[in-house]
Amino acid sequence: MSESSAFNLLDERIQHYIWSEGWTELRDAQERAAPLIVTADHDVIIAAATAAGKTEAAFLPALTRLLQHDPVDELIVYISPLKALINDQFGRLDRLCEQLDVPVWPWHGDISSSTKTRFLKGPKGVLLITPEAVEAMLCNRGTAVAATFARTLFFVIDELHAFIGSERGKQLQSLLHRIERAVGRQIPRIGLSATLGDMTFAANFLRPGHGPAVHLVESTSDAVHLKILIKGYEEPAVVRAPQPLSAQDDEAESDEDEPANNEMDASTPRYVAQHLFQMLRGSNNLVFPNSRRQVEVYTHLLTSMCHEQHVPNEFWPHHGSLSKEIRADTEAALKQQEQPATAVCTNTLELGIDIGAVKCVAQIGPPPSVASLRQRLGRSGRRKGEPAILRGYSIEDAITDGSGIGDQLRLGTVQMVAMTQLLLEKWFEPPVTQGLHLSTLVQQLLSLIAQRGGVLAADAYAMLCGRHAPFAGLAPKDFKLLLRQLSVNELILQDSSGLLLHGRVGEKFVNHYTFYAAFATEEEYRLVTSSKTLGTLPVVQLLTAGQRILFAGRTWLVMEVNEAEKTIFVKRARGGAPPMFAGGVGRVHTRVRQAMRAQLESDQPVPFVDLKAQGLLNEGRGNYRRLGLGTRVLLDQGQHVLLLTWMGDDVNEAIACLLGQHGLAAAADGPCVEIQKGKRSVAGIEAVLRQVADAEVPTLDAMLAAAKNLEREKWDWALPQGLLRRSYASLHLDLDAAVRWVRAEIGTE
DNA sequence: GACCTGCTGCGGCATG
């Protein structure tokens with residue numbers, strides 16, 4: 001250890017701690033980060049595959065710097081996307097910091113206000129806080145901001161990759177910027193992240209306008225041996241009796257023994273569950289079925305199998321609508337060592353929190369992205385010498401006369417194979433950094449007014465949209481348009497001295513605690529049984545008394561729905577359908593679509609699929625050739641025509657907008673753009689396509705003039721139309737690629 | 001036919 005130059009840079013008391021912990025060497029990232037951090041004059045990103053060691057890589061040298069002042073009178077501000085992570089880190093850091101006589105302050109919604117008051121009396125040591133809690137501080141204690149953060153040595157941002165590309169990430173950038181402006185200097189920023197391929201995106205995110213100056217510490221991770229098997233399944237075509245439209249048609253008492261729906265009879269999920277049951281029992285594993293609804297289905301199938309075979313249950317559900325207690329039970333089952341446990345989960349178990357190593361990751365259906373698949377697989381093969389194991393399950397519907405192109409080409413299986421191949425090639429989707437997130441500009445303007453008790457328009461513009469500011473690039477005239485719209489909405493008003501203040505409506509929003517989060521959430525009902533809260537359900541599908549429901553892996557009968565208290569009371573009963581949860585659609589990257597097409601054009605066997613999956617793939621390849629899709633881009637489907645682009649969703653959506661401009665009703669649909677024929681023939685549609693290829697590129701306003709329903713983010717409703725269109729397009733449309741595709745594939749030149 | 005995250009100040013009351 002004494003040979004380590006980084007070790008010698010650390011404070012003596014920290015060296016002593018390292019000895020007493022029995023560490024024999026510093027990890028690669030810790031070794032390389034230390035000299036960059038002890039000087040406290042660089043922005044640094046520490047990127048490594050797992051969380052282990054990253055926090056120490058930042059904190060050991062940062063605390064060394066803090067200890068240079070005796071007694072400690074400076075501050076390290078650690079910002080985390082999860083309360084659970086703050087609680088974890090508090091446990092780890094407090095043990096070390098107690099010996100150093102450095103106070104550690106957790107600060108989030110579950111922390112008592114007395115702790116917060118004590119911190120504010122002497123803001124020194126380490127503050128562990130969420131972005132929302134920082135927002136609340138700026139809003140409610142605006143006059144104290146400069147003094148509270150005056151002696152901040154570092155911002156440490158954990159799980160940096162989880163912030164990039166979202167409203168919350170934009171908010172974080174703005175908060176850091178506003179604090180730096182309040183204290184009148186730059187504060188070194190340290191980002192902790194999963195490896196992100198091209199780290200320039202992350203660097204530009206961490207320090208907008210100065211990305212190239214950010215120092216990168218990318219930890220070389222040992223290559224883990226991968227074992228992959230994808231199994232194919234075919235759902236038989238069955239003629240089902242029509243279902244009653246309303247649950248009220250049923251007499252609740254008369255069908256006690258009848259399953260309330262036929263989802264549980266579906267044979268294929270049962271076969272998949274049987275295979276999972278055989279392969280996963282006896283070890284710790286994660287099963288990802290892609291939706292909360294399917295988590296419920298598979299958990300119930302698997303726990304029922306344990307029950308039927310008189311063996312202890314090993315399968316536990318985990319998703320965001322389950323209560324904290326139920327989720328904690330699942331996490332505890334994974335952590336304890338006595339009994340094996342498998343979690344059936346959504347991406348709640350993808351991030352941060354420590355659940356120990358798992359043997360195998362099962363993926364049912366194609367994952368939402370290659371990046372997410374990679375993150376999921378990173379949970380397996382963490383012990384030295386053990387491989388990471390991926391078990392894929394691909395379920396296709398039987399092909400009938402009415403089957404669409406997606407079934408005929410076996411696109412689910414093709415996508416799963418293509419994504420797995422990209423994973424093996426070490427490619428994954430880059431983070432989306434070009435989003436304007438003007439919704440968050442509205443929030444930050446209202447927050448800035450609260451912080452300062454009013455702000456001049458020019459000052460607000462300089463702070464939020466000026467050079468290197470989070471919304472840099474927005475023109476002054478657009479900012480003026482925004483202000484005008486916000487005063488129409490009564491979110492703001494301008495007094496006679498030119499000061500911007502909250503309007504009647506703005507006042508109400510800012511004074512409610514829900515203001516601090518930058519992201520929107522749907523209204524939810526609590527699901528309650530006699531003894532405890534099971535979780536929450538969004539109001540998309542309201543349950544009625546007498547209905548049966550599958551939740552937390554068990555079946556329930558709805559006793560009462562209390563609208564005033566937003567509560568649904570249930571009791572245990574046999575039979576039940578998984579509830580509906582709201583949700584948009586995942587977005588597929590162009591590179592994935594191209595890999596899918598290459599897969600359909602190939603005649604090579606895929607090494608990591610079983611016989612059935614290879615059969616499905618061959619079926620898809622056969623239909624691809626039969627339909628002549630190697631050369632054709634247009635496919636007549638009767639009512640509509642399919643334009644097969646094999647581009648990403650952002651390109652296909654932009655193509656659909658371009659066609660809309662020329663009078664065609666079109667919508668992106670998987671690898672295609674679906675065009676309604678109306679009264680046109682295929683030749684007529686081809687003629688319009690040629691017009692589109694030869695025409696000038698329209699403005700965004702022209703292209704989205706007829707588009708409705710562009711509001712996606714929390715404050716989008718308050719934006720003027722033009723800015724809403726730009727904000728939407730920045731995230732969802734790739735117009736350049738769309739124009740390039742149309743000109744290359746359809747153009748007459 | 002997708003997923004996840006977060007949240008204040010204060011009034012009113014009981015208790016020591």
Side-chain angles (χ1 to χ4, degrees), chain A residues 79-87 107-117 120 129-142 158-172 175 288-296 318-322 324 327 344-353 363-369 371-373 375-376 395 397 404 406-407 411-412 415 440 443 447 450 508-522 524 535-536 538 540-541 578 580-588 649 667-670 712-714:
Chain A
I79 303 179
S80 153
L82 301 176
K83 288 188 289 190
L85 221 47
I86 287 178
N87 299 341
W107 182 311
H108 57 66
D110 302 341
I111 301 294
S112 74
S113 61
S114 60
T115 303
K116 296 174 182 174
T117 315
L120 291 170
I129 193 167
T130 61
E132 289 73 18
V134 176
E135 189 77 72
M137 239 169 151
L138 297 199
C139 275
N140 300 325
R141 306 166 199 269
D158 206 354
E159 306 277 2
L160 187 70
H161 57 281
F163 286 111
I164 302 177
S166 70
E167 297 151 279
R168 214 174 172 207
K170 198 42 100 178
Q171 174 189 32
L172 175 65
L175 296 172
F288 289 97
N290 286 348
S291 72
R292 287 171 283 186
R293 188 181 161 88
Q294 293 300 318
V295 165
E296 293 295 345
H318 200 281
H319 62 70
S321 293
L322 292 172
K324 215 193 243 179
R327 285 200 258 177
V344 185
C345 58
T346 59
N347 51 7
T348 41
L349 289 185
E350 230 174 72
L351 257 192
I353 49 171
Q363 173 67 49
I364 305 173
S369 66
S372 151
L373 180 62
Q375 187 89 3
R376 291 173 180 186
I395 304 174
D397 284 339
D407 283 333
L411 287 186
Q415 187 175 334
T440 304
Q443 184 213 27
S447 173
K508 280 191 183 146
F509 275 111
V510 178
N511 287 331
H512 196 263
Y513 66 93
T514 51
F515 175 74
Y516 310 123
F519 55 91
T521 42
E522 37 197 329
E524 291 188 315
T536 59
V540 273
Q541 164 224 34
M580 300 293 292
F581 295 94
V585 239
R587 298 185 76 80
V588 177
D649 290 320
D669 185 18
R712 292 291 183 281
E713 303 187 331
K714 191 175 187 180

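Chain letters run A, B, ... following the sequence lines, proteins first and then strands; every chain starts at 1. Remember, predicted model here, so these are calculated numbers, not experimental data.
- Between A:N347 and A:H512, the residue whose closest nucleotide on DNA chain B is further toward the 5' end is A:N347.
- Checked by atom type, the side-chain pair A:T348/A:H318 shows a donor-acceptor distance below 3.5 Å.
- Contact annotation for A:T514: base contact, defined as any heavy-atom pair under 4.0 Å involving a base atom.
- Looking at A:T117 and A:S114, their side chains never bring a donor and an acceptor atom within 3.5 Å of each other.
- Put simply, CG on A:L138 is 14 Å from P on B:dC7, counting in whole angstrom units.
- Between the side chain of A:Q294 and the backbone N or O of A:E296, no donor-acceptor pair lies under 3.5 Å.
- One finds the OG atom of A:S447 at 9.0 Å from the OH atom of A:Y516 (value rounded to the nearest 0.5 Å).
- Between A:K170 atom NZ and B:dT5 atom C1' the separation is 19 Å, expressed in whole Å.
- For B:dC3, one of the phosphate oxygens OP1 or OP2 lies less than 4.0 angstrom from a side-chain nitrogen or oxygen of A:R292.
- Between A:T130 and the phosphate of B:dC7, there is a side-chain N or O to OP1/OP2 separation shorter than 4.0 Å.
- Remark: the A:E713 side chain and the A:T440 side chain contain no N/O donor-acceptor pair separated by less than 3.5 Å.
- As rounded to whole Å, 8 Å separates atom P of B:dC4 from atom CZ of A:R327.
- Protein atom CE of A:M137 is 16 Å distant from nucleotide atom C1' of B:dG6, rounded to whole Å.
- For the pair A:N140/A:Y513, no side-chain contact is recorded, criterion being any heavy-atom separation below 4.5 Å from C-beta on.
- One interatomic measurement links the two molecules: CZ of A:F288 to C1' of B:dC4, which rounds to 13 Å at whole-angstrom precision.
- In this structure, A:G320 and A:N511 both approach DNA chain B, and ranking their closest nucleotides by distance from the 5' end singles out A:G320.
- Side-chain atoms of A:T346 lie closest to B:dC4 of the nucleotides B:dG6, B:dC4, B:dA2.
- If you measure from atom CD1 of A:I86 to atom P of B:dT5, you get 14 Å, rounded to the nearest angstrom.
- Note: CD (A:E296) to P (B:dC3) measures 11 Å, nearest angstrom.
- Residue A:F515 and nucleotide B:dC7 are not classified as a stacked aromatic pair, given the requirement of ring centres less than 5.5 Å apart at an interplanar angle below 30°.
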Hey, what are the protein-to-nucleotides 9-16 of chain B N/O distances that come in under 3.5 Å?
| unit_1 | atom_1 | unit_2 | atom_2 | d |
| --- | --- | --- | --- | --- |
| B:dG9 | OP1 | A:R141 | NH2 | 3.2 |
| B:dG9 | OP2 | A:R141 | NH2 | 3.2 |

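- Side chain of A:R168 to backbone of A:F519: no donor-acceptor contact under 3.5 angstrom is found.
- Considering A:P367, A:P368, A:P366 in turn, A:P367 is the only one that fulfils the side chain to side chain contact (heavy atoms under 4.5 Å, CB included) rule with A:L373.
- Closest to the side chain of A:T348, from the set B:dA2, B:dC7, B:dC4, is B:dC4.
- In this structure, A:R168 does not reach the B:dC7 phosphate: none of its side-chain N or O atoms is under 4.0 Å from OP1 or OP2.
- In this entry the distance linking CZ of A:R293 with P of B:dA2 reads 9 Å, nearest Å.
- Checked against B:dT5, B:dC7, B:dA2, the side chain of A:S291 finds its nearest nucleotide in B:dA2.
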